[in-house]
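First comes the structure, then the notes that go with it.
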2 protein chains.
Amino acid sequence: MKSKQPQSRKRPSIAEALAQEIFSGEYQPGDFVPREVDLCERFALNRSAVRSDLRQLVDAGIIERISGHGSKVREYPEWNILDAQVTEWMTRYAAPNPGVQREILAFRLDVEPYVAMTAAKHATAHDLVAIEEAFNGMGSDLDDPASNRDGRLHSDYDIAFHVAIFKATHNIVWSQLSHILRPSILLLIETSNVSASDPAESLERHRLLMESIRARRPRDAFLASQAVLAGTASALGLEIPETPLGHSAELLSET
Amino acid sequence: MKSKQPQSRKRPSIAEALAQEIFSGEYQPGDFVPREVDLCERFALNRSAVRSDLRQLVDAGIIERISGHGSKVREYPEWNILDAQVTEWMTRYAAPNPGVQREILAFRLDVEPYVAMTAAKHATAHDLVAIEEAFNGMGSDLDDPASNRDGRLHSDYDIAFHVAIFKATHNIVWSQLSHILRPSILLLIETSNVSASDPAESLERHRLLMESIRARRPRDAFLASQAVLAGTASALGLEIPETPLGHSAELLSET
DNA sequence: CCTTGTCGAAATGTTCGACATATGCCAGCG
DNA sequence: CGCTGGCATATGTCGAACATTTCGACAAGG
């Protein structure tokens, strides 16, 4: 029955457990995490394993190891948010601080319309299939927004939709950057669910974006993407003044 | 003559040596690198050290470890180019294949005008100082383009100039993305030196960009950045059709 | 009283050897 | 012919010993 995957790792993964505690705020920047031998005892593992996992956190820029002293949690801006592992943890344990989330969202507001524009130019049939499948998944559980037990939640489809657009640019940088979306989208969905926003409207905006890309209309895709982002972002009170690119929408629509 | 870097690390660093051989094409995607024990013998180190370094390559997405079989070099698109270590190696040992370089350059052409625009809005006095210092460094060795022995080459100042603009956005994503510029800028400089391009003209374009940011003129900064990129990119025969954003320059200038 | 040198505890850094597990090949058996 | 078991090989995991770095205590000397 384990033919699928041995489930990644058999042991609890110290990195995972420590990351959870750090992301949840149990240890804050400047704090020192327990020393190696204590972690060994707590997880019933040897030092090699512990050090191996601690190195993951070092590579992620989350902790800093000081010889003969201990492992200190670094400041949030030092965290390497371009590391896919970090965004993975952010999706699972929420953001370490709201400022980082806000800046990621500002980044999205900057670039996503442009990414949609590029996708509309370069998307292949294969890309369109991926986008459409994700879109269909988003629409299928409109009445059950919480979750369906197919193993994939609504948020999974939402993320897949946006990631598929990034990949449709056929640019390696954009493709690899797409993981930045995950925590941001999850935040938007959770908060949007609280504040009353019309899911049908949101879905319609996504549909317009998809159609623009399918029709190979870069300019429409640009505008449609801005509409998608503006809809969800404004739903949680985030203004768009932070995106200097925003006003170029009018410029584009003028022509 | 190996007094280059007496600090940093004492041992040759297997990861460094292997990366060089992989980046130079000695091992290509699909090939298997020597097994652990052979590397131990070759570098006179124990397996722990070798495995520790091999893990760096795994994290960078460069190699894939197959239990009981060996370590295989992965395909270029799999390489994690958002990892700062990877771009560091690219600057030192050139790009693994030209396609990746071209895509990174396309990415730059896409986003740098926007980054300049955002920088013009958010730059602080401190940021302006960093930009100006880098600019002065670029101009100081105009007649000696190869290198001055202050320890900093012309390319260092060029990179510092563009990176400073990225950091001036005060957005964590843009700031951490700035390392993507390094290999791309080095490639441009090297190739530009071969093809005859006027360094004075390039410097003037950079000056205009800096002045636009200093004057807090986002629109001018957008256009100036496009001019900088177009100047160097066209110098080496790279057309800008890959950047669908290019034409929005005219849109901006219309208003 | 302040400075300075030395020692030692505590933590991380490094190395080594042994054993566990996964994979591919191939001979042996049904 | 096909399956199965074992063997060789390579990576994965582990535990202990030793080296190095850091900080604080403490005492000698100015």
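All chains are named by letter (A, B, ...) in the order of the sequence lines, taking the proteins before the strands, and each is independently numbered beginning at 1. On a predicted model such as this, the values are computed, not experimentally measured, just so you know. Any value given below was found using the heavy atoms of this structure, including those in side chains, with hydrogens, waters and symmetry copies removed.
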Problem set entry | Contact nearer the 5' end of DNA chain D, comparing B/S48 with B/R35 | B/R35

Exercise. For the side-chain contact (heavy atoms from CB on, under 4.5 Å) test, which of B/L39, B/V33, B/V37 pairs with B/R35?
Worked result: B/V37

Exercise. Atom CG of A/N46 and atom P of D/dA17: how far apart are they, to the nearest Å?
Worked result: 14 Å

Exercise. Can you tell me if the side-chain N/O atoms of B/R51 get under 4.0 Å from OP1 or OP2 in D/dG12?
Worked result: yes

For this session: Would you mind reading off the distance between B/R55 atom CZ and D/dT13 atom P, rounded to a whole angstrom?
Result: 10 Å

For this session: Indicate whether OP1 or OP2 belonging to D/dA16 is found under 4.0 Å from a side-chain N or O atom of A/R47.
Result: no

Seminar exercise, completed: Rounded to whole Å, the CZ-P distance (B/F43 to C/dT14) equals 17 Å

Problem set entry | Parallel, tilted or perpendicular: ring planes of A/W79 versus A/F23, cut at 30 and 60 degrees | tilted

For this session: Could you tell me the separation between the CZ atom of A/R65 and the C1' atom of C/dG13, rounded to a whole number of Å?
Result: 9 Å

Problem set entry | Closest to the B/S71 side chain, choosing from C/dT15, D/dT21, D/dT11 | D/dT11

Exercise. More 5' along DNA chain D: A/G68 or B/E36, using each one's nearest nucleotide?
Worked result: B/E36

Problem set entry | Side chains of A/Y114 and B/D110, donor plus acceptor under 3.5 Å | yes

Seminar exercise, completed: note: B/L45, atom CG; C/dT15, atom P; distance rounded to Å ~ 6 Å

Exercise. Parallel, tilted or perpendicular: which fits the ring planes of B/W174 and A/F107, with parallel below 30° and perpendicular above 60°?
Worked result: perpendicular

For this session: Provide, to the nearest angstrom, the distance between the CD1 atom belonging to A/I63 and the P atom belonging to C/dG13.
Result: 9 Å

Exercise. Between A/H69 (NE2) and C/dA9 (C1'), how many Å, whole number?
Worked result: 14 Å

For this session: Calculate the interatomic distance between A/F32 atom CZ and C/dA10 atom C1'; express it in whole Å.
Result: 13 Å

